Amino acid sequence: MVVAHLGQGIAVEHDNEIILCQPLRRLETVAVGDKVMWSQAAPGQGRIETILPRRSLLTRPARNNKTRPVAANIDTVFVVIAAQPACDFLLIDQYFAVCENSGIAAALILNKIDLDQSHALDSELEVYRKLGYSTYKVSTKTQFGFDELKRDLQNRVSVLTGQSGVGKTSITNYLVNDRNLKTNTLSESSKHGRHTTTAATLYHIDSGGDLIDSPGVAIFGLADLDNRQLAQGYREFNALMGKCKFNDCRHHEDKGCAIREAAQNGEIALSRYQRYLRLTQKMSL
Ligand SMILES: Nc1nc2c(ncn2[C@@H]2O[C@H](COP(=O)(O)OP(=O)(O)O)[C@@H](O)[C@H]2O)c(=O)[nH]1
Ligand SMILES: [Mg+2]
Ligand SMILES: [Zn+2]
């Protein structure tokens, strides 16, 4: 399993050991979370021969309108939010839409529940819970609320994502004791093998499960989605889509749009529908 990209190569974990590997030149880009076949190139050094089939893949926008794989075989993306910094729900919907289109489960963690302003987020959190997404309320400061989260992280590969400052690193530190152990030993043994903080890294959670930490929000974007996929990324739209008057309905001002009508009469959350409209505008820029 690929656990990190280091300056000098790719860290592959095999039988609890880390081997620094170089990929074969013809290989496509290797992502953290990938399962690979490797062979020994020199003592302590490996060569990645093949990437095994992926059950899911998260990409980030790259140059020339292309995307770059960052994390593979993810089961759940946990979007972390907090009362501080102010919550960007547009970003949440964006992450959720990508997950819906990638066969990855999405969930919400409200961190910093020790802050009084957290209550202001309750109603919006409830919108997501009613849609069937798991929601969690935690505080790394008071260590409140982690039992349920720890249980749901077991036996799967998860990603924490969200705005800078919401507490992703704090949560990872709380869940993973030997956070820097493995990549550090490699970094120290090779002078230029500094572990870059912009790269994703896979950690084993003490209470079970794996966690990929992705610094920054850029781990994935809307780059791959078209308008239709964005609408499919709003799961409450799915049952309504067939009821729009026109097949090519964009769910904006379109005549006979079942989704707009449902948002206007409160059948589905107006807030989410309005964010859908804003995201389609953002995408067509
Ligand atoms: N009040 C409060 N502050 C927290 C909590 N968790 C993290 N923080 C603070 O939020 C800031 C950002 O945390 P960090 O983990 O670096 O966020 P990241 O940018 O998402 O990785 C730091 O100053 C933390 O001390 C919490 O549960 N409650
Ligand atoms: Mg961080
Ligand atoms: Zn419509």
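A quick note: this is a predicted structure, and the numbers were derived from the prediction, not measured. Just follow the structure's listing: the first ligand is 1, and inside any ligand the first atom is 1.
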Checklist outcome for this item: Near ligand 1 (heavy atom, under 4.0 angstrom), the protein residues are Asn111, Lys112, Asp114, Leu115, Ser139, Thr140, Lys141, Gln163, Ser164, Gly165, Val166, Gly167, Lys168, Thr169, Ser170

Checklist entry - Between Arg55 and Asp75, is there a side-chain N and carboxylate O pair less than 4.0 Å apart? => result yes

Checklist entry - In terms of side-chain heavy atoms, does Tyr234 have a donor or acceptor partner in Asp93 at a distance below 3.5 Å? => result yes

Checklist entry - Do Leu57 and Val2 belong together in a cluster built from hydrophobic side chains that touch within less than 4.5 Å? => result no

Next on the checklist: Arg260: which residues meet the salt bridge (Lys or Arg N to Asp or Glu O under 4.0 Å) condition with it, sequence neighbours left out?
Outcome noted: none

Item to check | Side chains of Thr280 and Arg250, donor plus acceptor under 3.5 Å | outcome: no

Checklist entry - Which protein N, O or S atoms lie under 2.8 Å from the Zn ion (ligand 3), given by chain and residue number? => result Cys244 SG, Cys249 SG, His251 ND1, Cys257 SG

Checklist outcome for this item: So CG of Asn177 and OG of Ser207: to nearest 0.5 Å the spacing works out to 10.0 Å

Item to check | Short N-O contact, Asp34 and Arg54, less than 4.0 angstrom | outcome: yes

Checklist entry - Quick check: does Thr172 have an N/O/S atom under 2.8 Å of the Mg ion (ligand 2)? => result no

Item to check | Pairs where residues 7-54 contributes a residue and the test ring-ring contact (aromatic ring centres under 6.0 Å, His included) is met, not counting sequence neighbours | outcome: His14-Trp38

Item to check | Check: His204 and Val176 side chains under 4.5 Å, non-hydrogen atoms | outcome: no

Checklist entry - Once the angle between the rings of His251 and Tyr276 is folded into 0 to 90°, is it parallel (under 30°), tilted (30 to 60°) or perpendicular (over 60°)? => result tilted

